[in-house]
Amino acid sequence: MRTDVVRIYKSVHTWTGIVTGLILFIAFYAGALTMFKEPLDRWIAPPAPVSTAGLEKGSELIAGALALRPEAAKGFSLVLAEENGRPLHVTWERMRNDPDPWSAILATDGSVEVTQLDPAGIGLLVDIVHRTAGVPGDLDIGTAVTGIASALYVVALVSGVIILLPSLVKDFFALRVGRNLKRMWLDAHNVVGIVSLPFHIVMALSAVVFGLHDQFYDTLNEVVYEGRMMSVIEGSSPLRTLKRDPQPAAMLPPAEILARATAFSPGFAPASLQYQGYGTGGAMVRVWGADPRYLVRREGFLVMSAATGAVVDTEYMPGHQGTWSSAVSAFFSLHFGSFGGGTVRWGYFFLGLAGAFLFYSGNLLWIESRRKTERRHGGPVAQSRATALMAAGTVGVSLGCIAGLSLTIAAGKWLHGVVEDLNGWHDGVYHAVFLGACAWAFGRGAARAGVELLWATAAATAAIPATTLLAWLLPGLGLWVSDSLGVDLVALVGALVFARMARASARRIRQGPVDSVWAGRRLRLEEAAAAAD
């Protein structure tokens, strides 16, 4: 390939990466954590209430709950007993006269026990940070920013592959470890990028659609559907074939509905029953669940008549979808990793971390390349203001994101039940740490702040297993030991990695090239010269 063509694509790759790198670092790091939102929520929340009710008690639980809230018959869910110990329970959607969600379980004495649902969850914040890159304010603005960054991300991927084509065979798995740190980072950047390229293509394209879906829908509505898109969507709803019948009717027991659903698709694992119009002849139930054999959205569902058990619609049932619905579900599933069980979740977790590394290393390569460019012009290398600012921004944004998420996770267990708006506290802790890290990096400079913030990140991440240890050693603190001990183990490993990175960064300050933006010696010489003047 012609050298000038490769040079053009290298410039495109560099600048699209620089423009979007920090946004996508946050999206990928938080996206990796979304693979385990449920364990994170369980780590923070206290143990679930005790109930011995099995599925055979489902009708009794529903009847008792509706006796307390008869208006909720319009729409509620029966959630099956979960692996985290949460028992069989009924949940209600928010209603006008009761804006707070709640749930009902059968207590050990057979009575219906109503408890307020805890709307707080660290998984919600992690997901929002993933979707918006932490941009505060309106959710739609944040997702649009991420969507635009993802579109540029596609350009960066294509141009990056074109750059590597001439040397792909020779340098594909080359990882030259040695004194030339820039070469080592470049090799690692290239290997991670090529190996995970299919994953990045899926993430980039799907994130563009998710981030800019409102704009796409508005365009389709005007260009394709001539303003009739909503009526078309309503006409394709799975409820369209359900006959309206407001007359009272007996409901099939939940166990019978689940038996029919699993008989219809033996590999399907139900998780909840979502009822509408309960107690009437037109009552409908969505049987929600998963089937790891198929690519679906986070969960699929089978629409059935709650009175007769007849199958009404299979459009969203794994393995029984139409061509278009299957394609859309696959699109969602490949982005969320909602297939293949735990193996895929762990794979997506590490691929997400690798993606964050890709953007971080891309910024480091650009920063180091400025020194090479300056040296080519002859004379001493003087780092430009733009280089210093990019280095500080890379340190502050990256470590601020990691430390902010780690500390707000740890704080969640201490604040649970103590503060009224735990979600607000989660958001406040994250953004306070994130903005504080950014301010610290710009104020102290990339070299010194890099070491200091890495130690702070290690401490914030270590606070997660330390909290569990304190809960175990000092039960009088009012904390609890969660069943999600995997969260503590991963956090402990992460804290050790960050501590090791802090030591390596400090060593680079002492021993690295004096003309690097990471050079502590140059910083001290400048300070001494300024003091002498």
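A search for ring-ring contact (aromatic ring centres under 6.0 Å, His included) contacts involving Tyr29 returns nothing, not counting sequence neighbours. With sequence neighbours excluded, no residue forms a side-chain hydrogen bond (donor to acceptor under 3.5 Å, both in side chains) with Asp421. With sequence neighbours excluded, the residues satisfying side-chain hydrogen bond (donor to acceptor under 3.5 Å, both in side chains) with Asp488 are Trp43, Thr468. For Ser505, the side-chain contact (heavy atoms from CB on, under 4.5 Å) partners two or more places apart in sequence, or in a different chain, are Val451, Leu454. When the side-chain hydrogen bond (donor to acceptor under 3.5 Å, both in side chains) test is applied to Trp455, no partner is found at least two apart in sequence or on another chain. When the side-chain contact (heavy atoms from CB on, under 4.5 Å) test is applied to Ile23, the partners found at least two apart in sequence or on another chain are Ala133, Val145, Ala149. By the ring-ring contact (aromatic ring centres under 6.0 Å, His included) test, Trp288 pairs with Phe301, sequence neighbours left out. Listed by chain and residue number, Trp414 satisfy the side-chain hydrogen bond (donor to acceptor under 3.5 Å, both in side chains) test with Thr467 (two or more places apart in sequence, or in another chain). Partners of Phe349 by ring-ring contact (aromatic ring centres under 6.0 Å, His included), not counting sequence neighbours, listed by chain and number: Phe36, Trp346. Applying the side-chain contact (heavy atoms from CB on, under 4.5 Å) test to Leu435 and every residue at least two apart in sequence or in another chain returns nothing. The ring-ring contact (aromatic ring centres under 6.0 Å, His included) search around Phe264 returns His320, not counting sequence neighbours.
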Under 3.5 Å donor-acceptor pairs involving side-chain atoms of residues 398-408, not counting sequence neighbours:
from   : atom 1 : to     : atom 2 : distance (Å)
Ser398 : OG     : Thr394 : O      : 2.8
Ser406 : OG     : Ile402 : O      : 3.1
Ser406 : OG     : Thr461 : OG1    : 3.0
Thr408 : OG1    : His426 : O      : 3.0
Thr408 : OG1    : His426 : ND1    : 3.0

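Checked by atom type and distance alone, the side chain of Ser265 never pairs as donor or acceptor with a backbone atom of Thr262 at under 3.5 Å. Looking only at distances, no side-chain donor or acceptor of Arg444 sits under 3.5 Å from a matching main-chain atom of Trp440. A distance-only check finds a donor-acceptor pair linking the side chain of Ser482 to the backbone of Arg42 [under 3.5 Å]. Not a single donor-acceptor pair under 3.5 Å links the side chain of His416 to the backbone N or O of Gly412. Side-chain atoms of Asp41 come within 3.5 Å of backbone atoms of Ile122 as a donor-acceptor pair (strictly under, hydrogens ignored).
Rounding to the nearest 0.5 Å places CG of Leu351 at 10.0 Å from CE of Met35. Atom CG in Leu273 sits 6.0 Å away from atom CG in Leu80 (nearest 0.5 Å). For the atom pair CD1 (Ile44) and CD1 (Ile464), the distance works out to 8.5 Å, reported to the nearest 0.5 Å.
You'll find the side chain of Ser77 stays beyond 4.5 Å of the side chain of Arg286, heavy atoms only. When side chains are defined from C-beta on, Ile128 counts as touching Leu139, because their heavy atoms get closer than 4.5 Å. The shortest distance between side-chain heavy atoms of Phe359 and Leu22 does not fall below 4.5 Å.
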Test side chain to side chain contact (heavy atoms under 4.5 Å, CB included) applied to Thr146 and Phe210, step by step
CA-CA 9 Å; Thr146 306; Phe210 296 151; over 6 Å; no
Verify side chain to side chain contact (heavy atoms under 4.5 Å, CB included) between His200 and Leu358, making sure each step is shown before the conclusion.
CA-CA 10 Å; His200 283 275; Leu358 198 64; 3.8 Å; yes
Would Ile409 and Leu40 count as a side chain to side chain contact (heavy atoms under 4.5 Å, CB included) here? Give the steps.
CA-CA 8 Å; Ile409 290 171; Leu40 285 172; 3.9 Å; yes
Please determine whether side chain to side chain contact (heavy atoms under 4.5 Å, CB included) holds for the pair Leu24 and Ser150, giving the CA-CA distance in whole Å, both sets of side-chain angles, and the decisive distance to 0.1 Å.
CA-CA 8 Å; Leu24 294 174; Ser150 299; 4.3 Å; yes
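The two residues Ala491 and Pro465 come nearest to each other via the heavy atoms CB-CD, 3.7 Å. Here the closest non-hydrogen pair linking Val287 and Phe268 is O-CZ, 3.5 Å. Ala499 approaches Ala458 most closely through the heavy-atom pair N-CB, 3.8 Å. Among all heavy-atom pairs drawn from Phe28 and Ala356, the shortest one is CB-N, 3.7 Å. Closest approach of Ala441 and Leu453 over heavy atoms only: CB-CD1, 4.2 Å. Between Ala392 and Ala446, the closest heavy-atom pair is N-CB, 3.7 Å.
Between His335 and Tyr348, the ring center distance fails the sub-6.0 Å criterion.
At a threshold of 4.0 Å, the pair Arg131-Asp127 counts as salt-bridged, since one of the basic side-chain nitrogens sits closer than that to a carboxylate oxygen.
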